[in-house]
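What follows is a set of notes on a single structure, which appears directly below.
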Amino acid sequence: MTPPVTTTPCMLLVLSENWTLTGGRADLPKAVRWAREAEDAGFDAVMVSEHIVLGPDAGADGIMGNPRDYALPGNQDPYTPWPNSLLLLAAIASVTERLRLAAAAVLAPLRHPLLMARELGTLDLISEGRLLVQPTVSWSRDEYDALGVPFGRRGRLLDEHLEVWAKAWGPSPISHDSEHYPFRDVYFEPKAYRPEGPRLWFGGQRLHGPVLRRLVRYGHGFHPLGRPTPQDMQLLKDAMTAADRDVTDLEMIGGTQAVFPDDRSTADIGAALASIPEQLAQGFTTFCIKPNQFIDDPDGVGAFCHDVMRRVAALTA
């Protein structure tokens with residue numbers, strides 16, 4: 001599936017971190033149901049993020065005041081549930097037909113790249129090309145230490161993942177000479193759905209050197225954490241041009257800003273959606289929204305999705 005080319009907003013439902021709506025254990029099937037309801041309402045995609053484990057550094061900066069807020073580096077309770085994102089997306093793929101599946105914050109350096117490519121390629125095949133992957137290195141030293149992976153090498157490990165994935169989607173046998181993941185003459189079958197593999201998004205808190213380099217070389221989408229500055233956008237445009245690519249080749253993923261009146265209440269959905277026309281004018285086309293920021297009823301997600309689509313249509317008419 002190619003990135004959307006229309007100026008009509010594409011809405012993405014964030015399914016992680018909705019633990020004020022569901023506890024993240026036996027009621028995980030609710031998240032699968034919400035994905036189906038989002039598709040029925042006209043949403044374009046769903047997103048699931050991951051951690052494998054959390055340590056004390058998860059809450060090193062103090063736990064977020066309102067539990068509906070987004071989990072950020074150092075602001076979450078270490079008991080926060082993080083079910084396996086790819087397994088959850090596979091379940092969602094089985095009950096949906098056109099919904100794109102965004103595996104966000106895939107912590108690639110915590111696995112071997114051939115294993116990661118196998119998991120991603122299989123999910124891409126199951127979903128018939130609907131998979132989007134946002135690989136990253138994350139921020140938690142405790143998580144790396146628990147899995148025996150050197151935290152200081154995580155950037156280089158991610159770069160090698162991207163190199164190996166690109167080889168895995170091509171003809172077998174493949175070989176890779178490196179310090180971390182050397183192998184020779186392995187046959188990787190079956191491939192992903194597309195010859196070039198799943199669509200890759202990149203983003204983060206800053207558009208710094210490594211993120212920009214990976215985005216320009218491998219990226220199909222730019223998903224910043226927060227609003228990028230005009231300087232960031234110009235930097236991206238110049239880097240894409242220098243690589244003989246057009247910035248319009250990238251799907252631009254924006255978001256909605258929830259403002260909570262206090263630590264117990266939900267945010268106003270109308271105010272959160274109000275910035276979409278401005279972001280559309282800046283070139284963003286896909287917008288993330290997390291339902292528990294705006295509703296407290298786990299059985300009301302379908303109606304919420306329909307309401308969001310009605311409001312967005314009115315904003316952009």
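Hydrogens, waters and symmetry mates are skipped; everything else that's a heavy atom, side chains included, is used.
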Start with the C-alpha distance between R130 and T96, add both sets of side-chain angles, then the distance that settles side-chain contact (heavy atoms from CB on, under 4.5 Å), and finish with yes or no. CA-CA 10 Å; R130 291 186 278 148; T96 56; 2.8 Å; yes

Decide yes or no on side-chain contact (heavy atoms from CB on, under 4.5 Å) for L215 and L250, but give the supporting numbers first. CA-CA 9 Å; L215 178 59; L250 295 175; 4.0 Å; yes

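No chain of hydrophobic side-chain contacts below 4.5 Å, direct or via other Ile, Leu, Val, Met, Phe, Trp or Tyr residues, connects I253 to L273. Following chains of ILVMFWY side-chain contacts shorter than 4.5 Å, one cannot reach L132 starting from L99, and the two form parts of different hydrophobic clusters. In terms of hydrophobic clustering, with Ile, Leu, Val, Met, Phe, Trp and Tyr side chains grouped at heavy-atom distances under 4.5 Å, W201 and W165 are assigned to different clusters. If you chain together hydrophobic residues whose side chains sit under 4.5 Å apart, L225 and V137 never meet in one group. When hydrophobic clusters are built by joining Ile, Leu, Val, Met, Phe, Trp and Tyr residues whose side-chain heavy atoms come closer than 4.5 Å, directly or via intermediates, V46 is not grouped with I126.
Side-chain contact of D246 with T248: a donor-acceptor pair under 3.5 Å is present, judged by distance alone. Looking only at atom types and distance, the side chain of D262 has a donor-acceptor partner in the side chain of S265 under 3.5 Å away. Defined by atom type and a distance below 3.5 Å, a donor-acceptor pair is missing between the side-chain atoms of T266 and Q293. Side-chain atoms of E251 and H220 form no donor-acceptor pair, as typed in the model, at a separation below 3.5 Å.
Surrounding CD of Q282 are more than 12 heavy atoms belonging to other residues, nucleotides or ligands, all under 6.0 Å away. Residue-environment remark: NZ (K191) exceeds the threshold of 12 foreign heavy atoms within 6.0 Å. Within 6.0 Å of the CD atom in E97, the count of heavy atoms belonging to other residues, nucleotides or ligands does not exceed 12.
Salt-bridge annotation for R111 and E50: present, with a side-chain N of the basic residue lying under 4.0 Å from a carboxylate O of the acidic one. A salt bridge is absent between K167 and E163: the closest approach of a Lys/Arg side-chain nitrogen to an acidic carboxylate oxygen does not fall below 4.0 angstrom. Classification of D159 and R213 as a salt-bridged pair holds, one side-chain N sitting under 4.0 Å from a carboxylate O. For the pair R33 and D299, the salt-bridge criterion is met [side-chain N within less than 4.0 Å of a carboxylate O]. Using a 4.0 Å cut-off between charged nitrogen and carboxylate oxygen, R141 and D145 do not count as a salt-bridge pair.
Nearest heavy atoms, V216 versus A243: CG1-CB, 3.3 Å. Among all heavy-atom pairs drawn from A272 and S275, the shortest one is O-OG, 4.0 Å. A71 approaches Q76 most closely through the heavy-atom pair CB-NE2, 3.8 Å. Minimum heavy-atom separation, P190 to L125: CG-CD1, 3.6 Å. Closest approach of P9 and L280 over heavy atoms only: CG-CD1, 3.7 Å.
Put simply, CG on D77 and CD1 on I63 are 4.0 Å apart, with the number rounded to the nearest 0.5 Å. In this structure, OG on S94 lies 10.0 Å from CZ on R36, to the nearest 0.5 angstrom. Taking CG of L88 as the reference point, atom CD1 of I92 lies at 4.0 Å (rounded to 0.5 Å). Between L157 atom CG and L162 atom CG the span is 11.0 Å, to the nearest 0.5 Å. How far CG of N18 is from OG1 of T20: 6.5 Å, rounded to the nearest 0.5 Å. How far OG of S85 is from CG of L15: 11.5 Å, rounded to the nearest 0.5 Å.
The backbone N or O of N66 lies less than 3.5 Å from no partner atom in the side chain of D69, so there is not a single donor-acceptor pair. A donor-acceptor pair under 3.5 Å is absent between the side-chain atoms of K290 and the main chain of Y70, judged by distance alone. No side-chain donor-acceptor contact under 3.5 Å links R214 to the backbone of F202. When atom types are taken as modelled, the side chain of R227 and the backbone of G254 share no donor-acceptor pair closer than 3.5 angstrom. Proximity of a side-chain donor or acceptor of N84 to a complementary backbone N or O of L87 within less than 3.5 Å is detected. Checking side-chain atoms of Q134 against main-chain N and O of A104 turns up no donor-acceptor pair under 3.5 Å. With hydrogens and angles ignored, the 3.5 Å screen pairs a side-chain donor or acceptor of R194 with a backbone N or O of G129. A donor-acceptor pair is defined here as one N or O able to donate and one able to accept, closer than 3.5 Å; no such pair exists between the side chain of R199 and the backbone of V133. Between the side chain of R184 and the main chain of D177, no donor-acceptor pair closer than 3.5 Å is present. Judged purely by atom type and a 3.5 angstrom limit, E119 has no side-chain atom pairing as donor or acceptor with the backbone of L86.
Between L12 and R100, every side-chain heavy-atom pair lies at or beyond the 4.5 Å cut-off. Inter-residue side-chain proximity for P298 and T22 is flagged as unmet; no heavy-atom pair is nearer than 4.5 Å. The closest side-chain heavy-atom distance from M47 to L13 is not below 4.5 Å. At least one side-chain heavy atom of V308 sits under 4.5 Å from a side-chain heavy atom of M11. P228 has its side chain within reach of F284: a pair of non-hydrogen atoms, C-beta onward, lies under 4.5 Å apart. When side chains are defined from C-beta on, W82 counts as touching L54, because their heavy atoms get closer than 4.5 Å. The shortest side-chain heavy-atom distance between V14 and I289 does not fall under the 4.5 Å cut-off. Between Y193 and P198, every side-chain heavy-atom pair lies at or beyond the 4.5 Å cut-off.
Ring geometry, F294 versus F304: the interplanar angle falls under 30°, so the pair is classed parallel (tilted spans 30 to 60°). Between H112 and F183, the ring planes lie tilted relative to each other; the angle falls in the 30° to 60° range.
H180 pairs in a side chain to side chain donor-acceptor pair (under 3.5 Å) with only one of the listed residues (R156, H161, E160), which is E160.
Within the cation-pi definition used here (under 6.0 Å to the ring centroid, within 45° of the axis), R154 qualifies as a partner of F151. Taking the ring axis of F260 as reference, the NZ or CZ atom of R68 does not stay both within 45° of it and closer than 6.0 Å to the ring centre.
Under the side-chain contact (heavy atoms from CB on, under 4.5 Å) criterion, D238 pairs with Q234, sequence neighbours left out.
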